[in-house]
Asker: 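One structure coming up, written as structure tokens, with questions to follow.
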Protein chains: 2
Amino acid sequence: MSVGHTAVTTQPVVTCGGEREDCGIREVLDRIGDKWSVLVVVELAQGVRRFRQLQRAVPGISQRMLTLTVRRLERDGMITRTVHPTIPPQVEYALTPMGHSLTHLVRTLADWSAEHRDAIALARRDWDELNPGSGVR
Amino acid sequence: MSVGHTAVTTQPVVTCGGEREDCGIREVLDRIGDKWSVLVVVELAQGVRRFRQLQRAVPGISQRMLTLTVRRLERDGMITRTVHPTIPPQVEYALTPMGHSLTHLVRTLADWSAEHRDAIALARRDWDELNPGSGVR
DNA sequence: GGCAGTAGGTTCTTCTTGGTAACCACGACC
DNA sequence: GGTCGTGGTTACCAAGAAGAACCTACTGCC
């Protein structure tokens with residue numbers, strides 16, 4: 001911003017570590033940014049769970065969404081799926097080490113949220129008062 | 001809280017800080033989990049930007065999506081929008097302190113992503129080999 | 001006069017996400 | 001014999017997010 005001989009157009013000050021703009025943020029968000037993944041991970045952080053247990057622990061999730069969510073998490077190596085060939089079949093889901101490291105990340109998110117929740121709610125109220133009926137939400 | 005006289009069914013081991021399952025994770029993800037917010041925040045972390053600058057810096061974003069994104073970020077108190085009543089009007093976007101704290105969070109996300117990217121890609125390939133044509137993505 | 005740039009707004013269409021419901025096999029329970 | 005519970009799958013559908021294309025109003029440049 002200050003002195004420049006030939007004008008530095010856009011000097012990267014806080015890049016993401018040498019990568020372009022994106023870094024890998026989009027990848028993470030594509031993975032856990034959906035509606036249910038983090039909730040399932042948080043529940044599995046408490047211990048091994050079966051399908052119905054998960055469904056009951058995550059209120060509002062449908063069978064299909066839970067199926068899709070655990071499949072994706074399994075595919076990404078975040079959880080393991082163990083089938084016991086009993087009748088009726090028992091399927092157990094558990095976090096992998098990588099899935100467990102994800103819980104730390106989730107914790108960071110939660111901490112940030114708790115820290116700024118009030119300020120955000122306040123900012124929203126102020127903004128909504130100044131811009132009534134703008135349709136932004 | 002601890003010792004229960006009538007059997008504690010599921011003892012929370014890694015709760016999110018006393019709140020239910022959710023904590024504030026969903027709030028954060030609802031805020032930054034969309035396709036563009038983090039990218040705009042990352043770009044603004046480099047300094048003050050104008051509308052067109054942002055649009056050029058975030059490849060692929062449409063005018064409308066950029067408008068919506070900056071409006072929402074402004075509403076949540078993450079960025080400020082300063083209009084200079086010149087002709088043509090100049091509008092400058094900048095991070096607030098809270099928006100800046102968000103960049104730290106984003107950094108954490110990026111670090112986690114960089115650390116586990118390879119392992120995830122590997123897990124995916126293995127899974128896709130074992131489950132061909134399952135339709136999961 | 002015509003084009004580019006600036007900061008959007010408006011409308012239309014497409015794509016993705018998530019939800020609902022039905023169905024399966026199998027045994028247990030009543 | 002009907003229903004429940006288990007762990008799914010499949011088909012269908014509604015809502016919202018995103019994209020594309022057009023519009024404004026204003027000025028400076030050639």
Side-chain angles (χ1 to χ4, degrees), chain A residues 9 22 26-27 29-40 43-44 48-76 79-94 131-137, chain B residues 22 26 29-40 43-44 48-76 79-94 127 130-137:
Chain A
T9 47
D22 192 323
R26 280 252 46 88
E27 293 179 42
L29 291 178
D30 286 345
R31 201 163 340 268
I32 67 167
D34 69 322
K35 197 172 178 181
W36 303 110
S37 292
V38 281
L39 302 179
V40 170
E43 178 61 25
L44 284 180
V48 175
R49 291 286 186 272
R50 291 169 51 190
F51 190 86
R52 290 281 164 182
Q53 283 181 302
L54 283 176
Q55 195 174 2
R56 279 187 288 262
V58 181
I61 196 171
S62 65
Q63 283 188 347
R64 194 181 75 103
M65 278 299 102
L66 183 53
T67 301
L68 288 180
T69 303
V70 292
R71 280 291 181 286
R72 283 197 276 249
L73 288 173
E74 187 200 359
R75 177 174 182 245
D76 290 338
I79 66 179
T80 59
R81 179 172 179 268
T82 313
V83 181
H84 299 277
T86 60
I87 298 279
Q90 284 199 358
V91 183
E92 284 182 343
Y93 297 93
N131 309 60
S134 70
V136 178
R137 11 121 210 173
Chain B
D22 191 324
R26 281 253 47 87
L29 291 178
D30 286 345
R31 202 163 342 266
I32 67 166
D34 69 322
K35 197 171 177 181
W36 303 111
S37 292
V38 281
L39 303 179
V40 170
E43 178 61 24
L44 285 179
V48 175
R49 291 289 186 272
R50 291 167 52 187
F51 191 86
R52 288 282 165 180
Q53 285 181 301
L54 282 177
Q55 196 174 0
R56 279 187 288 262
V58 181
I61 195 171
S62 65
Q63 284 185 346
R64 179 173 160 274
M65 278 298 102
L66 182 53
T67 301
L68 289 179
T69 303
V70 293
R71 279 290 182 287
R72 282 197 276 250
L73 288 172
E74 187 200 358
R75 177 173 181 247
D76 290 338
I79 67 178
T80 59
R81 179 173 179 269
T82 314
V83 182
H84 300 278
T86 60
I87 299 281
Q90 284 200 354
V91 182
E92 285 181 343
Y93 297 93
W127 197 92
L130 290 175
N131 308 62
S134 69
V136 178
R137 7 122 214 174

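Order of the sequence lines sets the chain letters (A, B, ...), proteins ahead of strands, with each chain counted from 1. Nothing here was measured: the structure is a model prediction, and the numbers come from that model.
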Asker: Could you give the CG-to-P distance, from A/Leu68 to D/dG7, as a whole number of Å?
Answerer: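 My rounded result for the distance is 17 Å.
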Asker: Round to the nearest Å and state the distance from B/His84 atom NE2 to D/dT27 atom C1'.
Answerer: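 Answer to the nearest Å: 18 Å.
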Asker: For A/Arg52 and D/dC4, what is the distance between atoms CZ and P respectively, to the nearest whole Å?
Answerer: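 Interatomic distance, CZ of A/Arg52 to P of D/dC4: 12 Å.
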Asker: For residues 32-39 of chain A, which side-chain N or O atoms pair as donor and acceptor with protein atoms under 3.5 Å away, sequence neighbours left out?
Answerer:
{"from": "A/Asp34", "atom 1": "OD1", "to": "A/Ser37", "atom 2": "N", "distance (Å)": "3.4"}
{"from": "A/Asp34", "atom 1": "OD1", "to": "A/Ser37", "atom 2": "OG", "distance (Å)": "2.7"}
{"from": "A/Asp34", "atom 1": "OD2", "to": "A/Ser37", "atom 2": "OG", "distance (Å)": "3.0"}

Asker: Knowing that exactly one of A/Leu66, A/Leu68, A/Ile61 qualifies, which makes a side chain to side chain contact (heavy atoms under 4.5 Å, CB included) with A/Arg64?
Answerer: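 Exactly one candidate clears the test, A/Leu68.
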Asker: Distance check needed: D/dA18 P versus B/Trp36 CH2, whole Å only.
Answerer: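 About 8 Å, once rounded to whole Å.
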Asker: For residues B/Leu54 and B/Leu44, determine if any side-chain heavy atom of one lies less than 4.5 Å from a side-chain heavy atom of the other.
Answerer: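 B/Leu54 vs B/Leu44: side chains touch.
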Asker: Side-chain contact test, heavy atoms from C-beta onward, threshold under 4.5 Å: evaluate it for A/His84 versus A/Glu92 and give yes or no.
Answerer: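 Of all side-chain heavy-atom pairs linking A/Glu92 with A/His84, at least one is under 4.5 Å.
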Asker: Measure the distance from NZ on A/Lys35 to C1' on D/dA17 and round it to the nearest whole Å.
Answerer: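 Going from A/Lys35 (NZ) to D/dA17 (C1'), I get 14 Å.
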Asker: Send over the distance from A/Leu29 CG to D/dA18 P, rounded to a whole Å.
Answerer: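 Answer to the nearest Å: 12 Å.
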Asker: Which part of the nucleic acid, if any, lies within contact of B/Thr67, taking any heavy atom under 4.0 Å across all strands shown: a base, the sugar-phosphate backbone alone, or nothing?
Answerer: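 Since only primed, P, OP1 and OP2 atoms lie under 4.0 Å of B/Thr67, the category is sugar-phosphate.
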Asker: Are any of the side-chain heavy atoms of A/Gln63 and A/Arg52 separated by less than 4.5 Å?
Answerer: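 Yes; the side chains approach each other to less than 4.5 Å.
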Asker: A/Leu54 has an atom CG; how far is it from atom P of D/dT6, in whole Å?
Answerer: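 Distance, rounded to whole Å: 12 Å.
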Asker: Which pair of heavy atoms, one from B/Gln53 and one from B/Val48, lies closest together, and at what distance?
Answerer: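 Closest approach of B/Gln53 to B/Val48, heavy atoms only: OE1-O, 4.4 Å.
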Asker: Determine whether B/Trp127 and A/Arg71 make a side-chain contact, defined as any pair of heavy atoms from C-beta on separated by less than 4.5 Å.
Answerer: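 Yes, their side chains come closer than 4.5 Å.
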Asker: Is A/Arg50 near enough to D/dG7 that one of its side-chain N or O atoms lies under 4.0 angstrom from OP1 or OP2?
Answerer: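 It does, given that an N or O in the side chain of A/Arg50 lies less than 4.0 Å from OP1 or OP2 of D/dG7.
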Asker: Is any side-chain heavy atom of B/Thr82 closer than 4.5 Å to one of B/Val91?
Answerer: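 No; the side chains remain at least 4.5 Å from each other.
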Asker: How does DNA chain D look in dot-bracket form if you count Watson-Crick and G-U pairs under 3.5 Å, write [ ] for pairs that cross, and put | where a base pairs with another strand?
Answerer: ||||||||||||||||||||||||||||||
Asker: Looking at every non-hydrogen atom in both residues, tell me the closest pair between B/Tyr93 and B/Ile79 and how far apart they are.
Answerer: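 Looking at all heavy atoms of both residues, the shortest contact is CD2-CD1, 3.9 Å.
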Asker: Anything under 4.0 Å to a heavy atom of chain B counts; send over the first and last such nucleotide of DNA chain C, read 5' to 3'.
Answerer: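 First and last nucleotides in contact are C/dG5 to C/dT11.
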Asker: Within the structure, does a side-chain N or O atom of A/Arg49 lie under 4.0 Å from either OP1 or OP2 of D/dG7?
Answerer: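 False: A/Arg49 side-chain N/O out of range (4.0 Å or more) of D/dG7 OP1/OP2.
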Asker: Nearest to the side chain of B/Arg72 - D/dA18, D/dA11, D/dG7?
Answerer: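 In terms of side-chain proximity for B/Arg72, the closest of D/dA18, D/dA11, D/dG7 is D/dA18.
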Asker: Would you say that B/Glu74 contacts B/Thr80 through its side chain, given a criterion of any heavy-atom pair below 4.5 Å between the two side chains?
Answerer: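 Result no, sub-4.5 Å side-chain heavy-atom pair not found.
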Asker: Does B/Gln90 or A/Ser62 map to a spot on DNA chain C nearer the 5' end, using the closest nucleotide for each?
Answerer: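 Closer to the 5' end of DNA chain C: B/Gln90.
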Asker: Select from A/Tyr93 and A/Arg64 the residue whose nearest nucleotide in DNA chain D is closer to the 5' end of that strand.
Answerer: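 Comparing both residues, the 5'-ward one is A/Tyr93.
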Asker: Calculate the interatomic distance between A/Asp34 atom CG and D/dA17 atom P; express it in whole Å.
Answerer: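 The answer, rounded to whole Å, is 15 Å.
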Asker: DNA chain C: A/Pro88 or A/Ile61, which has the more 5' nearest nucleotide?
Answerer: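 It is A/Ile61 whose nearest nucleotide is closer to the 5' end.
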